[in-house]
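Reading through the structure tokens given below for one structure.
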Number of protein chains: 2
Amino acid sequence: MANIKDVAERAGVSVATVSRVLNGRSPVAETRERVLAAVQELGYRPNNVARALRTARTGALGLIISDLTNPFFTELADAVEDEARSLGYSLVIGNAGERPAQQDDYIRTLLDRRIDGLLVSSAGTGSAMLREVVASGTPLVLLDRSVPGIDAPCVRADGRAALTELAGRLAALGRRRPAIIVAPAGTPTGEERLALFRAALAAHGLALPDERVGSTPDLQHTGGRRVMSAFLDLPEPPDAVLATDNLMALGAMDELRARGLRVPDDVALVVYDDVPWFTHTDPPLTAIAQPTRELGRAAVHTLLARIEGRPADSVLLPAHLVPRRSCGEPPTP
Amino acid sequence: MANIKDVAERAGVSVATVSRVLNGRSPVAETRERVLAAVQELGYRPNNVARALRTARTGALGLIISDLTNPFFTELADAVEDEARSLGYSLVIGNAGERPAQQDDYIRTLLDRRIDGLLVSSAGTGSAMLREVVASGTPLVLLDRSVPGIDAPCVRADGRAALTELAGRLAALGRRRPAIIVAPAGTPTGEERLALFRAALAAHGLALPDERVGSTPDLQHTGGRRVMSAFLDLPEPPDAVLATDNLMALGAMDELRARGLRVPDDVALVVYDDVPWFTHTDPPLTAIAQPTRELGRAAVHTLLARIEGRPADSVLLPAHLVPRRSCGEPPTP
DNA sequence: CCTCCCCAAGAAATCGATTACACCTCCGAT
DNA sequence: ATCGGAGGTGTAATCGATTTCTTGGGGAGG
């Protein structure tokens, strides 16, 4: 592949001039033409590796995503990618697969590659490596999940309004025994969702006792199913369940189906995170929709602010409730 | 951040020695210890950008995916990422969003970043840039979708057996008027699926006339819905439809539902690509499952073979049929 | 005791760009 | 006429690693 020296020779100028022309520094028509012609003829493309070494800017952002196969995170990644690209950055995606060790491994790799900034939707609570990121001076923004003790802005959704509305509807529909499936204590996101839901229910005179708070470290299908099974074995099983993740919700639904129970007749089901195909499930699922694409965009902007040394605060965007049949609503058209 | 010079000074050796120790070249116990100690104390990490410049190897692979929000490609990307990582490469993902222009843009960026190799699940037929990739000497492997005129190995699934089985079942279930929703003529994948399905049906005495071949350039939800609508307006509407993409299938299902038709009673529906939540749709969807993860793995291995100068052939892995209720099977447990 | 060889380690070139600095030329002002 | 400034261009330093070439010291063999 042709390099800048070849171009310089062909155009009869020095490499400095070529560089200047290409970076739009000193455009003297005549010289400029010759250089651009040479670039054309040789099909020259600047080597980004060399450029990055010299300028200490790679033009790449890193994104650590907790689980790429989870549709919520997929859409998030897609939005981040879009926004980064439109701002001239490319994106290196690392999929933690909900495994803290793998996440650390990936962060390490990204730091070694000298990405300009890092977005992390953290798996678990392992923050040792995140502390290193901060120490290394690499701009960091947390996404969707905050991590205590890490000094970095966090971009995420606020479920308060949606949960308040949900509690009201459940109460109005006559549900008396709500339950929640949530990430284990110690995960900030999980604790927050639990607290907000509980408070919202209390406002309508509904209690959320500990026996109807089910948690599982396995934030997947099987975890959701196991928790639902435990719920149904209670002397007074719940008549409305909020699953704080879409995969767990599917597991829960499997368990209900396996026991011959019907949604929403026997148990209402509500899911955190809306996904396009929720309209196609049986029954269509009521969801708490996070503003996914906006979160992605905001995260990129916040990160860029940090990269450029501008001040950057945390961002909180409102989630909203999307009522469908699974919580006892009339079918949507 | 500490660099190799700092380490050298601290250990009282030259940079060359540090480099050798770190790359396991000259292991003299005593010197080695001192260097490693210095590395520890300074928290030194080699700068991959500098290393890449010198060695002309970045240790990164590129993956162009036609649509990241399509669950099939998500799983594919996940598998590729896993495999690449386990082999010491990191992955830069570019999402073409089914737009050829964006795809070209991304390929350009990846080439400029001097990735070691490129995997492309191509959007559309635009192959001008792919030709450039080949010309640039960057190892290239096509994934899922072959591109005529591009001299690169292609890793994809073979639907013959699955389609043959499907045709047999449809015939046995008494379906007489099969139809297919497919990518427009000119896309190799679409044409192949059409030809295979038609041949398989013919073996059971079923015809697939052109009026029951619906295509749409929009490989998404709306495209699928439009085609299904046209089918249903035929004097003799189909009684079994194969959608060659999962998003198009959802669109088709929406149209059926909107018209008050029932699956599979009125129309049987079969989908290309299996997705975890197909068991949760109403009704559960019969699918032709591609060996997604194996495809991803194979693609990485094929690419690595090319990178290392070993010969690499195209790979064809068998897809298989997963019968569920939407094509008239008994409910699966 | 001298020579030769081998091996470890240092010095310096190199990868391909950007950029500080020096130089040269041309022009206008004093 | 001379000086100063400005603008364009070339020379060379630089980024941080790897790698080639060179050097020096120690051990073995004569």
Side-chain angles (χ1 to χ4, degrees), chain A residues 1-36 38-39 42-60 88 108-116 136-138, chain B residues 1-39 42-60 88 108-109 111-116 136-138:
Chain A
M1 238 181 203
N3 62 21
I4 198 173
K5 222 166 146 187
D6 302 328
V7 175
E9 257 167 45
R10 177 140 195 150
V13 298
S14 74
V15 294
T17 300
V18 176
S19 173
R20 280 188 277 251
V21 167
L22 262 41
N23 292 293
R25 215 77 71 184
S26 79
V28 170
E30 202 264 343
T31 317
R32 195 182 152 72
E33 299 296 309
R34 280 220 315 283
V35 171
L36 291 180
V39 166
L42 295 172
Y44 167 74
R45 306 243 77 211
N47 183 328
N48 238 305
V49 175
R51 176 182 300 200
L53 176 59
R54 181 61 230 250
T55 62
R57 287 193 58 257
T58 54
R108 173 115 285 164
T109 306
L110 293 179
L111 288 184
D112 288 353
R113 283 191 194 286
R114 300 299 196 269
I115 46 158
D116 293 340
S136 80
T138 304
Chain B
M1 238 183 204
N3 62 20
I4 198 173
K5 222 164 145 186
D6 302 329
V7 175
E9 259 167 44
R10 176 138 194 152
V13 299
S14 74
V15 294
T17 301
V18 175
S19 173
R20 279 188 278 252
V21 167
L22 262 41
N23 292 292
R25 216 77 72 185
S26 79
V28 170
E30 203 264 343
T31 318
R32 194 182 154 72
E33 298 296 310
R34 278 220 316 283
V35 171
L36 292 180
V39 166
L42 296 173
Y44 167 74
R45 305 243 79 211
N47 183 328
N48 239 304
V49 175
R51 176 182 300 199
L53 177 59
R54 180 62 230 247
T55 61
R57 288 193 57 257
T58 53
R108 173 115 286 163
T109 306
L111 287 184
D112 288 354
R113 282 188 196 287
R114 300 297 196 271
I115 46 158
D116 293 340
S136 80
T138 304

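Numbers restart at 1 for each chain; the letters A, B, ... are given by sequence-line order, proteins then strands.
- The residue A/S19 sits close to a base: some heavy atom pair falls under 4.0 Å.
- The residues A/E30 and A/R34 are annotated as salt-bridged, a charged nitrogen and a carboxylate oxygen being separated by less than 4.0 angstrom.
- Minimum atom distance to the side chain of B/Y44 is reached by D/dA17, of the listed C/dT19, D/dT19, D/dA17.
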Could you go over nucleotides 10-12 of chain C and give all protein N or O partners under 3.5 Å, atom names and distances?
residue, atom, partner, partner atom, Å
C/dG10, OP2, B/S14, N, 2.9
C/dG10, OP2, B/S14, OG, 2.9
C/dG10, OP2, B/T17, OG1, 2.5
C/dG10, N7, B/R20, NH2, 2.8
C/dG10, O6, B/R20, NH1, 3.4
C/dG10, O6, B/R20, NH2, 3.4

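- Side chain of A/R114 to main chain of A/L53: no donor-acceptor pair is present (N/O by atom type, distance under 3.5 Å, no hydrogens or angles).
- Atom C1' of nucleotide D/dA17 and atom CZ of B/R57 are separated by 14 Å, given to the nearest angstrom.
- The closest side-chain heavy-atom distance from B/L22 to B/L36 is below 4.5 Å.
- Remark: side-chain polar atoms of A/N3 are paired, donor with acceptor, to backbone N or O of A/D6 under 3.5 angstrom.
- Nearer the 5' end of DNA chain D, as judged by each residue's closest nucleotide, is the contact made by A/A50, out of A/A50 and B/V18.
- OP1 or OP2 of D/dT18 has at least one side-chain nitrogen or oxygen of B/N23 nearer than 4.0 Å.
- Contact check, A/T31 against D/dT9: a side-chain N or O comes under 4.0 Å of OP1 or OP2.
- Atom-to-atom, CD of A/E30 to P of D/dG7 comes out at 19 Å; the value is rounded to the nearest Å.
- Distance check, rounded to the nearest 0.5 Å: CG of A/L110 to OG1 of A/T138 gives 10.0 Å.
- If you check residues 1-9 of chain B against DNA chain D, the residues with a heavy atom closer than 4.0 Å are B/N3, B/I4, listed by number.
- Rounded to an integer number of Å, the gap from B/R113 CZ to C/dA17 C1' is 15 Å.
- At whole-Å resolution of the value, CZ in A/R54 and C1' in D/dG16 are 12 Å apart.
- The side chain of A/R51 places an N or O atom within less than 4.0 Å of a non-bridging phosphate oxygen (OP1 or OP2) of C/dT18.
- Following rounding to the nearest Å, A/L22 (CG) and C/dT19 (P) show an atom-to-atom distance of 13 Å.
- Protein atom CG of B/L53 is 12 Å distant from nucleotide atom P of D/dA17, rounded to whole Å.
- Evaluated for a side-chain contact (heavy atoms from CB on, under 4.5 Å) with B/V21, the options B/V7, B/V35, B/V13 yield exactly one hit, B/V35.
- A straight line from CZ of A/R32 to P of D/dG7 spans 17 Å, rounded to a whole angstrom.
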